[in-house]
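What follows is a short report on a single structure.
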There are 2 protein chains.
Amino acid sequence: MTTPQRETSDGTVGRTLAVLDLVAEFGRPVRFAEILPKAGLPKATLYRFLQTLARQDMLAFDDNRQTYAPGMRLVRLAHSAWAQSSLAPVAQDVMDRLAREIGQTVHLAQLDNGAVLYVDKRNARQPVEMFAQSGKVGPAYCTGVGKAMLAHLPEDRLAQAIARQSFHAHTDRTLRTPEALRDELTRIRERGYALDDEEHEVGIACIAAPILSGNGRVIGAISVTTTTATTSREQLLALAGPVKEAAAQIAAAADTWRFPEHKQA
Amino acid sequence: MTTPQRETSDGTVGRTLAVLDLVAEFGRPVRFAEILPKAGLPKATLYRFLQTLARQDMLAFDDNRQTYAPGMRLVRLAHSAWAQSSLAPVAQDVMDRLAREIGQTVHLAQLDNGAVLYVDKRNARQPVEMFAQSGKVGPAYCTGVGKAMLAHLPEDRLAQAIARQSFHAHTDRTLRTPEALRDELTRIRERGYALDDEEHEVGIACIAAPILSGNGRVIGAISVTTTTATTSREQLLALAGPVKEAAAQIAAAADTWRFPEHKQA
DNA sequence: CATTAGGTTCCAAATAGTGAAACTCAGTTT
DNA sequence: AAACTGAGTTTCACTATTTGGAACCTAATG
């Protein structure tokens with residue numbers, strides 16, 4: 001896993017939120033004693049933070065099992081965040097169209113602290129797995145969307161991001177070094193799209209394009225995922241056009257996007 | 001809208017999170033000056049809080065327009081919350097089956113601070129509107145899921161919850177008083193399901209059942225929504241059986257649910 | 001050019017946060 | 001059954017952080 005390493009001291013609030021992250025990272029309800037060593041805080045301090053977070057509904061405390069897990073207040077807040085700050089609402093229509101056209105799984109992602117944050121998804125078939133996917137994070141160095149975004153990062157931010165990659169060899173095609181990654185990024189910039197050829201998971205390939213705002217900054221990426229069992233490399237490459245076009249459309253939409261004047265629901 | 005009125009002073013963290021809520025409530029990016037009057041905090045203090053939240057990625061600050069909106073960190077955190085603390089993962093299968101069986105929109109909700117928090121949804125047709133729905137909040141006094149849950153609240157919590165309802169008359173069938181609501185709740189307890197007969201929106205009706213844990217506490221509710229144009233009252237009432245059964249199955253699943261031992265993804 | 005209003009910074013006073021240590025309460029173990 | 005252990009909770013004197021009134025910047029505006 002990548003180390004978060006956010007602005008370390010933002011006073012009490014920063015420290016408390018760091019604990020919240022820590023609990024979330026576990027991915028399962030955790031006990032006080034499990035958090036303590038990872039938090040690097042005095043027992044009493046951590047205790048107070050957890051209490052506060054729980055009272056604030058940012059954490060849910062299970063009385064029986066004595067475990068902490070991220071709380072429901074976050075779900076409410078995230079809905080606002082997703083609707084207001086993510087690319088998802090802007091990209092809605094393009095995502096729908098692309099998914100319908102190609103009939104494959106489509107992902108929309110943004111870069112977050114050197115990791116890929118998926119913000120929306122259209123499934124190949126099943127209507128299942130709703131929110132299950134939005135908010136999910138994944139590695140940048142071995143995914144199509146991740147590499148597409150890294151390729152267009154300015155050098156300073158790229159260096160930071162690369163420093164955060166784990167370069168864990170998920171498959172034997174995974175890029176294992178910063179150098180290999182940088183080479184790949186150059187190639188991606190040249191051809192305008194990124195490929196993930198079973199670098200993250202055997203049997204899964206995808207093609208991704210960066211979404212670049214008017215001033216040239218990466219604001220996200222979009223990808224189409226296929227299985228090597230059902231789709232040849234040629235067929236995958238043939239999708240470069242549509243994917244790049246979709247990315248361009250989302251970029252255009254984002255540039256003109258003004259937040260719609262809602263009435264308070 | 002209902003007043004949140006959370007534990008007011010939890011020190012700096014509590015006050016800061018209250019500001020976060022405030023910003024989220026706007027439902028659109030807001031400027032400092034718009035927040036100031038609503039926050040009831042000194043200018044300098046509010047300013048510092050917003051700075052902190054933005055630096056922490058809990059808020060996103062738009063440099064050009066000088067607006068604050070909920071930040072992406074919330075989306076990441078909420079994914080954990082949704083997967084760990086909500087009923088959604090437990091209810092997955094039942095939701096899928098019910099939606100397939102009835103072919104109508106199905107909602108899964110939990111009670112949050114006197115309001116309804118939708119945590120999952122299956123759409124009638126289109127595969128659209130992902131996360132768009134999870135995390136959404138709605139009123140309790142005029143929705144099927146809301147009333148179903150209120151009906152099974154212990155008196156003290158019920159009184160609190162009722163005090164938070166706005167009793168705004170969305171339609172001419174909306175219940176307008178605590179008394180009318182309490183009567184309705186008694187009826188709901190008797191028959192085991194709740195109806196929303198165009199009380200929230202004209203043309204929309206739904207039937208909902210509470211999800212009760214082993215010890216009799218409400219842990220959520222499930223509903224099927226239909227339009228009066230396409231579904232008669234009789235047809236809607238005929239769904240009571242399947243909906244109640246689904247609720248019972250989710251309750252059973254929740255009672256046995258142990259969080260699956262994930263490997264860190 | 002004076003005025004206002006949104007936004008930002010200062011800094012002494014006051015408050016809220018800190019954490020070592022002591023305590024509680026189940027389960028052990030001897 | 002007394003002593004031990006380890007997880008969780010509380011205390012309290014010390015101190016670092018937070019606080020907010022007021023002053024200070026800008027742009028816009030009349």
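Throughout, protein chains are lettered first and strands after them, A, B, ... in sequence-line order, and every chain is numbered starting at 1.
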Looking only at heavy atoms, what is the nearest atom pair of [X] and [Y], with distance?
X         : Y         : result
Ile222(B) : Ala246(B) : CD1-CB, 4.1 Å
Glu34(B)  : Phe26(B)  : O-CZ, 3.7 Å
Gln84(B)  : Pro70(A)  : OE1-CD, 3.5 Å

* By a strict heavy-atom criterion of less than 4.0 Å, which residues belonging to residues 39-46 of chain B are in contact with DNA chain C? ->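 Within this stretch, Lys43(B), Ala44(B) sit under 4.0 Å of the strand.
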* Asked: So is Lys43(B) actually on top of Phe32(B)'s ring, under 6.0 Å and inside 45° of the axis?
  -> no
* **Whether Tyr141(B) and Phe167(B) hold their rings parallel, tilted or perpendicular, with breakpoints at 30° and 60°** =>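 Geometry flag for Phe167(B) against Tyr141(B): tilted rings.
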* Taking the six-membered ring for Trp, are His170(B) and His168(B) parallel (under 30°), tilted (30 to 60°) or perpendicular (over 60°)? ->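 Aromatic pair His170(B)/His168(B) classed perpendicular.
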* Apply salt bridge (charged side-chain N to carboxylate O under 4.0 Å, His left out) to Asp62(B) and list each qualifying residue two or more places apart in sequence or on a separate chain. =>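 Result, salt bridge (charged side-chain N to carboxylate O under 4.0 Å, His left out) vs Asp62(B): Arg65(B).
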Measure from [atom1] on [X] to [atom2] on [N] and round the result to the nearest Å.
X        : N       : atom1 : atom2 : answer
Phe32(A) : dC25(C) : CZ    : P     : 18 Å
Ile35(B) : dT8(C)  : CD1   : P     : 11 Å
Arg31(A) : dT9(D)  : CZ    : C1'   : 14 Å
Leu53(B) : dT18(D) : CG    : P     : 13 Å
Leu36(A) : dG8(D)  : CG    : C1'   : 11 Å

Show me the donor-acceptor pairs, under 3.5 Å and distance only, between side chains in residues 146-157 of chain A and residues at least two apart or in other chains.
residue, atom, partner, partner atom, Å
Lys147(A), NZ, Glu184(A), OE2, 2.7
Lys147(A), NZ, Leu195(A), O, 2.8
Lys147(A), NZ, Glu199(A), OE1, 2.8
Lys147(A), NZ, Glu199(A), OE2, 3.0
Glu155(A), OE1, Arg182(A), NH1, 3.2
Glu155(A), OE2, Arg182(A), NH2, 3.1

* To do: Using a cut-off of strictly less than 4.0 Å, decide whether Gln66(B) has a side-chain nitrogen or oxygen near OP1 or OP2 of dG7(C).
  =>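 Checking dG7(C) against Gln66(B), a side-chain N or O does come within under 4.0 Å of OP1 or OP2.
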* Asked: Under 4.0 Å between a side-chain N/O of Tyr47(A) and OP1 or OP2 of dG8(D), yes or no?
  ->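 No.
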* Please identify each residue that fulfils ring pair (Phe, Tyr, Trp, His ring centres under 6.0 Å) with Tyr68(A), with sequence neighbours left out. => Phe61(A)
* Asked: Looking at five pairs on each end of the helix from dC1(C)-dG30(D) to dT30(C)-dA1(D), what is the angle between the two axes, given to 10 degrees?
  ->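 Rounded to the nearest 10 degrees, the bend comes out at 20°.
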Any protein N or O atoms within reach of nucleotides 14-17 of chain C? Criterion: under 3.5 Å, listing atom names and distances.
residue, atom, partner, partner atom, Å
dG17(C), OP1, Thr12(B), N, 3.1
dG17(C), OP1, Thr12(B), OG1, 3.3

* Asked: Side chains of Trp82(A) and Met72(B): does their closest heavy-atom pair fall under 4.5 Å?
  ->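 The answer is no; the side chains never approach within 4.5 Å.
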* Using 4.0 Å as the upper bound for N to carboxylate O, is an ion pair formed by Asp57(A) and Arg76(A)? ->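 No, Arg76(A) and Asp57(A) are not salt-bridged.
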* To do: Measure from the side chain of Tyr68(B), starting at C-beta and using heavy atoms only, and say which of dT9(D), dT8(C), dG7(C) lies closest.
  =>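 Nearest nucleotide to the side chain: dT8(C).
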